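Please read the structure below before turning to the comments.
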Amino acid sequence: MKLQVERDVLAEAVTWAVRGLSPRPPVPVLSGVLLEATPEGLTLSAFDYEVSAKVTVAASVDEPGTVLVPGKLLGDISRSLKNKPVTVTADGNKVELVCGTSRFALPQMPVADYPTLPTAPEPSGTIEGDVFTTAVNQVAIAADRSDTLPILTGVRMEIEGEKVTLLATDRYRLALREFTWNPASTDAAHVALVSARTLHDTARALGASGSVSLAVGTAAGGEGLVGFEAGKRQTTTRLLDGEYPKVTSIFPTSVDTTAVISTGELAEAVKRVSLVAERNTPVRLRFTEGQVTIEAGQGDDAQA
């Protein structure tokens with residue numbers, strides 16, 4: 001294998017691919033990134049049996065080939081190179097990267113032992129990138145970050161025709177966001193439970209692409225997978241198992257009082273007052289006509 005690729009293109013592609021790597025891979029080969037050079041360009045892939053990431057970038061390929069190299073090391077090297085073309089050459093049991101006066105030799109890992117990545121899913125529909133990113137950011141923050149109840153570490157995604165509903169809770173707070181998308185079929189109906197951390201990382205990486213393709217159900221290769229694609233970037237993730245609690249009933253059907261507050265002013269005030277709040281102690285909001293009073297601390301403790 002021999003090819004030349006721009007440094008920024010390589011670094012960005014490696015960053016996308018290594019997001020599919022586990023910090024503690026069950027087998028050593030899953031710590032690697034697969035490089036496939038073809039006349040169409042350079043494809044980088046990573047897979048840890050839970051999340052897969054794949055991207056194809058433009059490259060001048062002299063000799064096609066496939067190699068597997070340590071992913072974290074490749075990422076560190078590609079980000080450290082100067083902004084010059086990078087030549088990648090496979091020679092024997094090493095892969096050589098040359099950029100200007102810098103030269104690196106990476107060990108090759110056994111390609112034959114690398115698992116087959118999930119096939120690229122067929123899109124079930126598309127979502128505007130900014131809408132997708134904003135919705136995920138608003139909901140994923142409410143997901144549980146501990147492993148006490150693994151099912152609460154996910155975001156419940158429900159699709160009914162043109163409407164998508166995202167829902168997450170950690171038992172103390174609940175976030176729900178609804179938005180519209182462009183389904184391939186108007187009678188689309190799916191429910192998927194996606195890891196909040198994976199969904200957040202995916203939305204942050206793909207959201208600037210303008211449009212994100214979403215594949216669920218059989219389109220994603222089965223009910224156990226969900227796939228996302230934007231441009232030449234693809235990713236799949238295995239869904240969480242279990243029945244999500246029916247928490248939507250917590251939302252009241254009617255309210256007696258409504259308060260409208262400046263988001264920025266509220267956030268700043270809560271930050272100031274919470275300086276005296278110990279961990280897991282509440283910040284109290286007391287509403288009266290025309291104002292809200294925010295309080296924390298009591299007794300002999302510091303108060304605000």
Side-chain angles (χ1 to χ4, degrees), residues 6 8-21 40-47 50-58 75 79 117-143 153-168 175-186 188-221 225-240 263:
E6 293 297 323
D8 288 349
V9 172
L10 177 64
E12 186 177 344
V14 174
T15 299
W16 168 256
V18 297
R19 62 180 296 280
L21 297 180
E40 286 72 35
L42 174 65
T43 299
L44 298 88
S45 308
F47 185 39
E50 294 292 332
V51 178
S52 74
K54 187 175 183 179
V55 58
T56 301
V57 296
R79 286 189 295 270
L117 273 74
T119 56
E122 291 293 327
S124 303
T126 59
I127 307 171
E128 293 300 321
D130 56 345
V131 173
F132 178 58
T133 302
T134 301
V136 171
N137 288 341
Q138 291 172 332
V139 174
I141 193 173
T153 63
V155 172
R156 185 180 187 271
M157 179 185 298
E158 182 176 359
I159 296 173
E160 291 183 358
E162 296 182 349
K163 186 177 77 171
V164 179
T165 303
L166 301 182
L167 176 70
L176 182 148
R177 171 68 195 271
E178 296 178 344
F179 58 92
T180 58
W181 74 319
N182 301 309
S185 174
T186 55
H190 303 283
V191 175
L193 186 59
V194 189
S195 164
R197 180 180 176 182
T198 302
L199 186 62
H200 181 265
D201 290 345
T202 300
R204 183 175 58 183
L206 296 182
S209 301
S211 181
V212 177
S213 296
L214 170 66
V216 289
T218 55
L225 289 175
V226 61
F228 302 92
E229 181 177 353
K232 295 293 185 178
R233 297 181 177 187
Q234 300 173 355
T235 183
T236 64
T237 182
R238 190 164 297 282
L239 301 177
L240 300 177
T263 306

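Just so it is clear, the values below take in all heavy atoms, side chains as well, and ignore hydrogens, waters and symmetry mates. Positions are given from 1, in the same order as the sequence printed here. Here the structure is a predicted model, which means the values were calculated and not measured.
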What pair of heavy atoms forms the shortest contact from Ala196 to Val155, and how long is it?
-> CB-CG2, 3.8 Å

Could you give the distance from CG (Leu240) to CD (Glu50), rounded to the nearest 0.5 Å?
-> 8.5 Å

Which of Glu229, Arg19, Lys54 passes side-chain hydrogen bond (donor to acceptor under 3.5 Å, both in side chains) with Thr235? Answer is Arg19

Residue set satisfying side-chain hydrogen bond (donor to acceptor under 3.5 Å, both in side chains) with Arg197, at least two apart, ordered chain then number -> none

Closest non-hydrogen contact found for Ala203 with Thr133 is O-OG1, 3.1 Å

Between CD1 of Ile127 and CZ of Phe228, what distance do you get to the nearest 0.5 Å?
-> 7.5 Å

Tested for side-chain contact (heavy atoms from CB on, under 4.5 Å) against Ser124, the lone hit among Leu214, Ile159, Val216 is Val216

Quick check: are there more than 12 heavy atoms from other residues, nucleotides or ligands sitting under 6.0 Å from CD of Glu160?
-> no

Looking only at heavy atoms, what is the nearest atom pair of Ala46 and Ala17, with distance?
-> CB-O, 3.1 Å

Only one of Leu166, Leu176, Val191, Thr165 forms a side-chain contact (heavy atoms from CB on, under 4.5 Å) with Arg156, so which one is it?
-> Val191

Ala13 and Val57 have their tightest heavy-atom pair at CB-CG1, 3.7 Å

Partner of Val51 under side-chain contact (heavy atoms from CB on, under 4.5 Å), chosen from Asp201, Thr202, Thr198 | Thr198

Please lay out, stage by stage, how Val131 and Trp181 fare under the test side-chain contact (heavy atoms from CB on, under 4.5 Å).
-> CA-CA 9 Å; Val131 173; Trp181 74 319; over 6 Å; no

When rounded to the nearest 0.5 Å, the distance separating CZ of Arg79 from CG of Leu10 is 10.5 Å

